[in-house]
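Taking it in order: structure first as structure tokens, then the write-up.
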Amino acid sequence: MSERIKKTFANKNKKLVTFTTGGDPDLETSFDILKTIINNNIDIVEIGMPFSDPMADGPTIQESSTRSIENGTKIKDIFELVKKIRTLNNEIPVILMGYYNSIFNMGIEEFTSKCVQVGVDGLIIVDLQPEEDADLYLKAKEKNIDLVRLITPTTNKERLKTILNNASGFLYYVTITGITGQNSANLKELQDSINLIRSESNLPIVAGFGIKSREDVENISIFTDGVVVGSSIVNIIKDNISDKKNMLEKIDLFTQDLKAGTGS
Amino acid sequence: MTIKNSFKQLPNDRGYFGSFGGRYVSETLMPLILEVEKEYEKMKDDSSFKEELSHYMKTYIGRPSPLFFAKRISEDLGGPKIYFKRDELNHTGAHKINNCMGQILLAKRMGKKRIIAETGAGQHGVATATVCALFGLPCIVYMGEKDIKRQSPNVFRMKLLGAEIRSVKTGSKSLKDAMNEALRDWVTNVRDTFYIIGTAAGPHPYPAMVRDFQSIIGEEVREQILKAENKLPDLLMACIGGGSNALGLFHEFLDDKQIEMIAVEAAGHGIDTGSHAASLSGGKPGILHGNKTYLLQSNDGQIDEAHSISAGLDYPGIGPEHSYLFEQKRVQYMSATDKEAIEAFQYCCNLEGIIPALEPSHALAVLKKVAKNYSKEKIVVMNMCGRGDKDIFTIAEELNIKL
């Protein structure tokens with residue numbers, strides 16, 4: 001298990017996790033965005049590995065992947081980005097999020113070795129479920145990288161056991177049936193699901209998908225150990241694409257506001 | 001009894017054909033996909049399901065489709081006796097409806113209220129819209145913007161059949177992107193929606209299920225050729241995009257080791273130009289759309305855009321069973337360019353009075369080349385998997401003819 005993740009969840013404060021696509025809109029700006037976010041004491045950063053066919057994502061994150069790829073980002077550049085982040089901050093957990101083809105293509109051994117070299121703490125692979133993740137899980141475990149498992153509103157009790165077996169780091173609860181950046185969660189359903197997971201596991205739970213504002217952060221972190229905000233930040237990038245200064249200022253203010261929403 | 005070394009026993013219980021296949025989808029879809037598998041396993045041996053399917057295959061689709069001896073082409077090529085399996089004579093004009101009928105009966109039995117599909121050439125979209133009209137279920141078809149333009153007759157047919165067409169403007173704006181959008185819809189409407197996948201690809205059990213529903217093609221061929229020639233064919237031929245019509249013809253014969261099989265990928269402007277849709281000849285293994293299979297992709301694992309004049313073959317992947325048969329060398333994979341396909345299209349029109357779809361025209365293009373390697377007593381069966389009415393505008397444009 002990753003020490004950084006363990007430390008982060010050692011206290012009971014609600015955690016704010018951000019998602020941005022690595023290399024969106026370009027590598028340099030992407031680093032500046034992450035720097036801004038980290039300076040606001042955000043608890044965990046998720047960095048998306050851009051993929052040509054992001055099936056679990058809505059238009060916002062799809063387009064961010066396209067921008068990044070069109071500007072020439074390669075998977076090895078994502079590792080460089082993490083390496084640069086580590087020169088700023090060696091405490092914050094960094095999670096890479098993406099699709100399995102990026103890892104399979106590089107080779108599991110090489111990919112996980114690079115994760116260790118640059119200081120990646122965890123992986124969230126949206127199209128890789130327990131049935132298929134044995135190869136990656138074993139390599140990740142060997143290298144103390146958490147393979148973060150996803151749980152969704154359609155996950156039933158029986159399946160939950162399969163998911164929790166070998167789960168480490170924290171659990172990622174997908175609050176809606178759908179893709180990123182769309183509807184908001186049904187709070188009652190969310191609460192029931194979280195209670196069910198809590199009855200079966202002691203791992204921290206963060207919720208993501210459809211969490212857009214400080215208000216969503218406040219409402220949802222009541223039930224969970226943390227929340228993930230992605231598309232709303234990516235939208236700021238898109239809306240200010242030609243004015244980098246303004247983009248960073250807006251992301252600065254927005255992430256401060258989100259962080260305040262966690263009450264910690 | 002299980003036959004040792006049988007190609008027909010696959011996939012395994014995890015949905016693998018050798019190292020290809022599996023289930024690579026969002027967690028949200030996993031419980032549903034496991035349920036589809038369970039229900040399909042239950043239903044495929046259920047006699048009332050089989051009877052119902054067989055009833056519609058006969059009375060609605062018009063099966064069995066004829067096996068036609070293409071005498072003039074056989075004589076012209078001066079080689080083997082060439083037969084066409086006339087799946088283009090099915091209701092809706094292609095093999096696609098065999099699978100749609102099977103899947104919609106399954107969806108109905110699972111109590112699903114809404115049907116989605118992706119389509120490239122529009123044949124699968126039309127077939128899905130057709131069975132939805134037949135059973136009174138709402139139908140949403142995702143189709144790339146580029147394909148909507150080049151297959152306008154099929155778009156209109158789908159609309160007439162009551163389907164809603166959703167134009168996909170992302171990525172290459174063709175089949176791959178239509179499939180991404182269909183998966184996004186499915187994950188959003190997972191509880192009431194059934195996704196009718198059109199080819200032998202996607203997460204398990206789809207590759208096996210689609211193949212099973214298409215296998216009627218080869219089963220009929222066995223019976224028909226024995227009746228006509230009193231022996232089995234020497235060579236089977238079919239085109240492949242995802243590969244469902246090829247598996248439909250081949251699967252029945254995979255363990256008849258003496259029978260040769262050639263599947264034809266779309267070489268577009270030529271494999272060496274990089275502008276093609278030949279996943280096996282020009283790709284490498286990867287993960288997309290729920291399965292591990294050969295894909296056209298960059299060194300960095302980004303999926304490439306495919307190119308073929310035939311919208312039905314314009315896809316950067318291939319069904320996992322084909323990846324397996326390719327590596328096992330059970331099937332030989334060849335390719336034909338856009339230009340060769342158009343020539344074969346015209347050749348077939350002129351010599352046999354059959355307007356073939358551009359997809360099987362690819363198979364015919366290779367058959368024209370390899371025929372000389374087979375003597376007169378040999379028998380070839382080619383799957384004429386679709387008719388060419390949908391392609392006349394594309395052909396006219398290629399030939400600079402104004403309609």
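Computed from a predicted structure; not experimentally measured. Chain letters run A, B, ... following the sequence lines, proteins first and then strands; every chain starts at 1.
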Heavy-atom neighbours of [X] [atom1] exceed 12 at 6.0 Å:
X: K141(A); atom1: NZ; answer: no
X: K238(A); atom1: NZ; answer: no
X: E164(B); atom1: CD; answer: yes
X: K284(B); atom1: NZ; answer: yes
X: K143(A); atom1: NZ; answer: yes

Let me know if [X] has heavy atoms under 4.5 Å from chain A in its side chain, its backbone, both or neither.
X: D185(B); answer: neither
X: V190(B); answer: side chain
X: L32(B); answer: neither
X: P203(B); answer: neither

Heavy-atom distance under 4.5 Å to chain B: side chain of [X], backbone, both or neither?
X: Q62(A); value: side chain
X: P59(A); value: neither
X: T73(A); value: backbone
X: I103(A); value: neither
X: I69(A); value: side chain
X: N183(A); value: neither
X: D127(A); value: both
X: F104(A); value: side chain

Query raised in the report: Between R14(B) and E132(A), is there a donor-acceptor pair closer than 3.5 Å when you use the side chain of the first and the backbone of the second?
Result: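 No: the side chain of R14(B) does not pair with the backbone of E132(A).
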Report task. Using atom types as modelled and distance alone, determine if a side-chain donor or acceptor of S52(A) lies under 3.5 Å from a backbone N or O of I303(B). Result ->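 Such a contact is found between S52(A) side chain and I303(B) backbone.
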Query - Interface residue of largest heavy-atom contact number with chain A, from G286(B), G290(B), S298(B), under 4.5 Å - result: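 Maximum pair count with chain A is reached by G286(B).
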Can you confirm whether [X] sits close enough to [Y] that some side-chain heavy atom of one is under 4.5 Å from a side-chain heavy atom of the other?
X: M30(B); Y: E131(A); answer: yes
X: T188(B); Y: Q182(A); answer: no
X: Y99(A); Y: L288(B); answer: no
X: M55(A); Y: V187(B); answer: no
X: T154(A); Y: R191(B); answer: yes

If you round to the nearest 0.5 Å, how far is [atom2] of [Y] from [atom1] of [X]?
X: Q302(B); Y: I75(A); atom1: CD; atom2: CD1; answer: 6.0 Å
X: S26(B); Y: D57(A); atom1: OG; atom2: CG; answer: 9.0 Å
X: E63(A); Y: T170(B); atom1: CD; atom2: OG1; answer: 9.5 Å
X: I78(A); Y: D300(B); atom1: CD1; atom2: CG; answer: 9.0 Å
X: I287(B); Y: N105(A); atom1: CD1; atom2: CG; answer: 9.0 Å

Report task. Classify the side-chain pair N299(B)/K74(A) by whether it contains a donor and acceptor separated by less than 3.5 Å. Result ->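 No, K74(A) and N299(B) have no side-chain donor paired with an acceptor closer than 3.5 Å.
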Top contributor to chain B contacts, counting heavy-atom pairs under 4.5 Å, from [options]:
options: P153(A), P54(A), S102(A); value: P54(A)
options: T152(A), I163(A), L128(A), I125(A); value: T152(A)
options: T66(A), V126(A), D133(A), I151(A); value: V126(A)

Report task. Just do the salt bridge (Lys or Arg N to Asp or Glu O under 4.0 Å) check on R149(A) and E27(B) with the steps written out, would you? Result -> CA-CA 9 Å; R149(A) 292 263 170 91; E27(B) 172 55 29; over 6 Å; no
